[in-house]
Every structure is written in structure tokens, then in C-alpha cells.
> 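Sharing a structure below in C-alpha cells format, with a few things to ask.
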Protein chains: 2
Amino acid sequence: MTGGKTVETSRVGRPRSEKTRLAILEAAADLLVEGGFSAITIESIAARAGVSKVTIYKWWPSRGSVAIDAYFHRFRQTLTFPDTGNVAEDLLAQMLILIGAFRGRAGEIMAELIGQAQSDPELADTIRTGWMQPRREVTALVIQRAIDRGELRPGLTIPILMDELYGPIYFRLITRYEPLSDEFAQELVRNTLEGVLSTRSSIK
Amino acid sequence: MTGGKTVETSRVGRPRSEKTRLAILEAAADLLVEGGFSAITIESIAARAGVSKVTIYKWWPSRGSVAIDAYFHRFRQTLTFPDTGNVAEDLLAQMLILIGAFRGRAGEIMAELIGQAQSDPELADTIRTGWMQPRREVTALVIQRAIDRGELRPGLTIPILMDELYGPIYFRLITRYEPLSDEFAQELVRNTLEGVLSTRSSIK
DNA sequence: CGCGTTTGTGTACGCATCGTTCATGAAGTA
DNA sequence: TACTTCATGAACGATGCGTACACAAACGCG
């Protein structure tokens, strides 16, 4: 539920300390970067932020929710809407930004957060609505524009195409079977758009 | 490390009790099915199997390794090698078996195991070598045959194509954004092979 | 100004689980 | 029989959890 944002502060009484809120998020983000999700404990955050445990429990329901808030606080990127008129370029541009971030510490932490979400439905929901959803909306726009321009087949199911594009990325992020290289992204986009059958390889 | 298999038993002395080993795996599998990964604790397994904690610690290095051994013990499926002469059919057949299993409890548990693997490198390695690798080898065979037959482009990178096919599956398994339906698998295979560009939609 | 309300602190507690240690007995081989 | 290895049972210190209590701090309102 990411209590840090959804819990309403009442108008009367002592107002919530923004300084304390930020201290908690910064401390949690530091711990995430240094030691990963397992380094996040309510006690460690409280100690590092110079804050009482009770204060954290008051605003966040679980350590997972603090972690994801801290992640967004530090790694949230501005979503770009490329529009070059060429769907391959648009998709690739989006993708390169994402995997560029995922190659660093942000990727390792995201993998851990997704991992924890497998046994924490609330965390899973936060990731879906706070991370996946906005990105999927941007991608859906790019795809819809390409359909409107006649670049893509009109009959295709947009969510499936998005899974084809980003599923492999998250798969590599999580399995670490192969690296998230730029070349991978390039061939991924090309294959997805053009297919892999040899009967069409002569075309273009 | 899945100590249950890799730790060598010496030739002298009291031999390892097979009955105890199976009792541990059965108990762990039961707990997995009933309560998921979080229900797996060394203490709960020991209690259920009627076995000492120390015995478990002797043979497995972590609860994750017991869990994955228990999962394989119960859900290991026989890998099929379809060879119809049509790459689309071969891939789809493989895929339908997998997502059929993933729609059930086995899928939920696999998602949890992958999740835990994000903060347990040893568990991650066990999943790679014990689960992913054998499946990828089968798929690579199917793809290689199709290349040899001339069905697929010779220049394509096989690991990337495999990620295109199975990345979206695991992505849906883990994000639960959309269901793992048979229709999804069908469109996924078709799109992957033929591409999604409209300029080629008229062909065939 | 003083009051009520809400936020934040500090301490302490009971609880659960972890991973390990130790002494002891059981079950095989040489 | 001597030796080795396996398995048990009970106990331990450590860690983090979530909560309770009393108290101090900061704000709006009458």
C-alpha cells in the first residue's frame, strides 16, 4: 500500500515531519543499494535514519512497502515518449533506456523486489501499479500509433506484443542467463517485428 | 547445491537413511503445496517429517535448497521431444505442456522459488542448472532442426529466440498481469515466427 | 493563551525462528 | 570388537518482529 503516500494526514494536530519521512526513505534506499533487500529491516532503517521504529510502523505496513517506496524515491526515471515515426526506433529507444538502468544496481534491486513480491501480494500490487502500469501505458501508446500509421498488423493483441518485447528483458534480469546487452535489445526488437521465418528473410 | 544429491556419502560408517531422506522431501513438498515457500522452515519440515533439525542441516545448506529438491521430487515432468517437421507445432506443443503445469499449483510454487532465488544465488544456480537448462536444451534442439530444415533464418541467435518464446511466459507467471492461456501461447508463437509488421501480413 | 489532537521518541517486552553446540545412541564396515 | 558415520534430543545466544506504555513536540482552533 505504500503508506508513505496513501495514508492521509489529518488537518489538525502535529503535522507529519517531512524531514523524518525523507530520512527514512534515504536510509532505506542506502541500505537497499549497499546490501540489497535482505539488508532492509525495520530496525536497521530506524537506526540509520535516527528515527523510532514505531514511526516507521505507523506509516508503512511492511518492510516491503518501505523498500519499494525507497526504490521509487531514488530510481524513478522520467518516462520518455519517443515519436520518430518509425515503430522500431521508438521501441528500441524506450528499451535501451530501461535495460541501461537495469544493468546497474537499480536492476539488481528491481529483481530482488520482484522476487519478494512473489510472496507478498501487496508488494506485487505496488510494483504492478507503480512501476509496470505506467511503462506499459507508454508502450501501448507507441504501438497504437504504429497501428494507426499502418506499420503494424491491426489484429494483434497489444498486451501480448508488450509481453513479447518486455518479457524477455525481465526474464534476463531475473534469470541472469544472458546479459542485458544493447545488441540483445536490437535483435529482440528486430525479431519481434519481422519474425524469424526464413521465407521472409529475403524481403527487405 | 541441493545437498540431497551432491554430498557424497562415505563407504564406511552408518549409511544414510533413505527413509529419512524421503520423509524430508515429502514433508517439504507437502508444506510447499499447502502453504507455499513461506511455509517452508527447517523446523516445520523437521516436525512434519519426524526428523531432527540437525539432520536436515547436515544434508542441505539452506531452506531454499530443500524446497527446490522437494519441488523437483514432486513436480519433475518428463521432457518431450516433439518432431512434427513443423517448427510452429513443435514449439507450441512444448509450450502448452509448460503453461498447463504453470496454471496450477506448480506454477505458483515455481514463481515463489524464482522469487526467492533473487536473494539466494545458490538457489538461483540450482534453478538454472536443474530446471531451465534441460528445457532450454530441448528447445534449442527443436530450433536447430528448424534451421537445418530451412524453416528459420540461419543468422538468428538461438538464445535470444528462446528468450522471446519463454521470457513472456515467465513474465506472465511472475507478474500475473495477464493469464497464461492457451490462446496467449498460440499468438505468441505465431507472432514470434511471423513478426507483427503489416507489410508482411499479406504474405501466406 | 490554553486545549485538544496528532506526530514522534525511548524503552521494554514476549514471541518466533534461526543456525549451532553438545552429549548420546544407532547402524553399518573392517 | 573397534571404528566410523548417521541421527536424535535438548538447549543456547542472536536477531528481528510487532506491540505497549509513558512522555515530549508541533500544530489548529476557540
Side-chain angles (χ1 to χ4, degrees), chain A residues 1 3-28 31-32 34-67 69-70 112 116 119-120 122-123, chain B residues 1 3-28 31-32 35-67 69 116 119-123:
Chain A
M1 245 355 135
K5 294 156 201 162
T6 56
V7 172
E8 277 304 311
T9 57
S10 33
R11 309 190 47 71
V12 301
R14 174 177 177 175
R16 180 177 184 184
S17 164
E18 182 67 9
K19 187 180 148 210
T20 298
R21 191 183 75 87
L22 288 178
I24 292 170
L25 290 179
E26 294 290 349
L31 288 167
L32 263 185
E34 290 168 17
F37 189 84
S38 61
I40 290 261
T41 66
I42 301 292
E43 312 234 0
S44 66
I45 300 171
R48 179 142 190 164
V51 149
S52 167
K53 274 201 315 178
V54 189
T55 303
I56 303 178
Y57 278 116
K58 184 181 185 81
W59 297 105
W60 287 273
S62 67
R63 65 187 205 133
S65 59
V66 191
D69 274 7
E112 269 193 309
Q116 285 299 317
S119 45
D120 183 340
E122 213 157 355
L123 179 55
Chain B
M1 250 346 139
K5 294 156 198 162
T6 54
V7 171
E8 278 303 312
T9 58
S10 32
R11 310 190 43 73
V12 301
R14 176 178 175 175
R16 179 178 183 184
S17 164
E18 182 67 8
K19 187 179 146 210
T20 297
R21 190 184 76 88
L22 288 177
I24 292 170
L25 289 179
E26 294 290 348
L31 288 168
L32 263 185
F37 188 84
S38 62
I40 292 261
T41 67
I42 301 291
E43 314 233 356
S44 67
I45 300 171
R48 179 143 190 163
V51 150
S52 167
K53 276 200 315 179
V54 188
T55 304
I56 303 178
Y57 279 115
K58 182 182 185 81
W59 297 105
W60 286 273
S62 67
R63 66 188 204 129
S65 60
V66 191
D69 274 7
Q116 285 300 317
S119 45
D120 183 341
E122 212 156 357
L123 179 55

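The figures here come from the full heavy-atom set of this structure, side chains too, leaving out hydrogens, waters and symmetry mates.
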> Can you tell me how far P of C:dC22 sits from OH of B:Tyr57, to the nearest Å?
17 Å
> Rounding to an integer number of Å, can you tell me how far B:Ile42 CD1 sits from C:dA16 P?
19 Å
> May I ask you to establish whether B:Arg16 and B:Trp59 are in a cation-pi arrangement, using a distance under 6.0 Å from NZ or CZ to the six-membered ring centre and at most 45° from the ring axis?
yes
> Would you call A:Glu34 and A:Arg48 a salt bridge, taking side-chain N to carboxylate O under 4.0 Å as the test?
yes
> Between atom CH2 in A:Trp60 and atom P in D:dC17, what is the gap in whole Å?
15 Å
> At 4.0 Å (heavy atoms only), tell me whether A:Val54 reaches a base, stays on the sugar-phosphate, or touches nothing.
base
> What is the distance from CZ of A:Arg21 to C1' of C:dT7, rounded to the nearest Å?
15 Å
> Taking the nucleotide of DNA chain D with the closest heavy atom to each, which residue, B:Lys53 or A:Glu43, is nearer the 5' end?
B:Lys53
> Output the rounded distance in Å from CZ (A:Arg16) to P (D:dG28).
18 Å
> If only atom types and distance count, is the side chain of A:Arg63 paired as donor or acceptor with the main-chain N or O of A:Ile40 below 3.5 Å?
yes
> Quick one: label A:Thr55 by what it contacts on the DNA or RNA (base, sugar-phosphate, nothing), any heavy atom closer than 4.0 Å.
base
> Taking side chain as C-beta onward, heavy atoms only, is A:Leu123 less than 4.5 Å from A:Ser62?
no
> Just by distance, do the side chain of B:Ser44 and the backbone of B:Leu31 share a donor-acceptor pair under 3.5 Å?
no
> Please tell me if B:Lys58 has a side-chain N or O lying less than 4.0 Å from either OP1 or OP2 of D:dC6.
yes
> Is there, by distance only and without an angle test, a donor paired with an acceptor across the side chain of A:Arg14 and the base of C:dT7 below 3.5 Å?
yes
> Write down the distance between CD (B:Glu18) and P (D:dC6), rounded to a whole number of angstrom.
14 Å
> Please check the phosphate of D:dA7 (OP1 and OP2 only) for any side-chain N or O of B:Trp59 closer than 4.0 Å.
yes
> Answer with base, sugar-phosphate or nothing: what part of the nucleic acid does A:Ser17 contact at a heavy-atom distance below 4.0 Å?
sugar-phosphate
> Just how far, in rounded Å, is P of C:dT17 from CD1 of B:Ile56?
14 Å
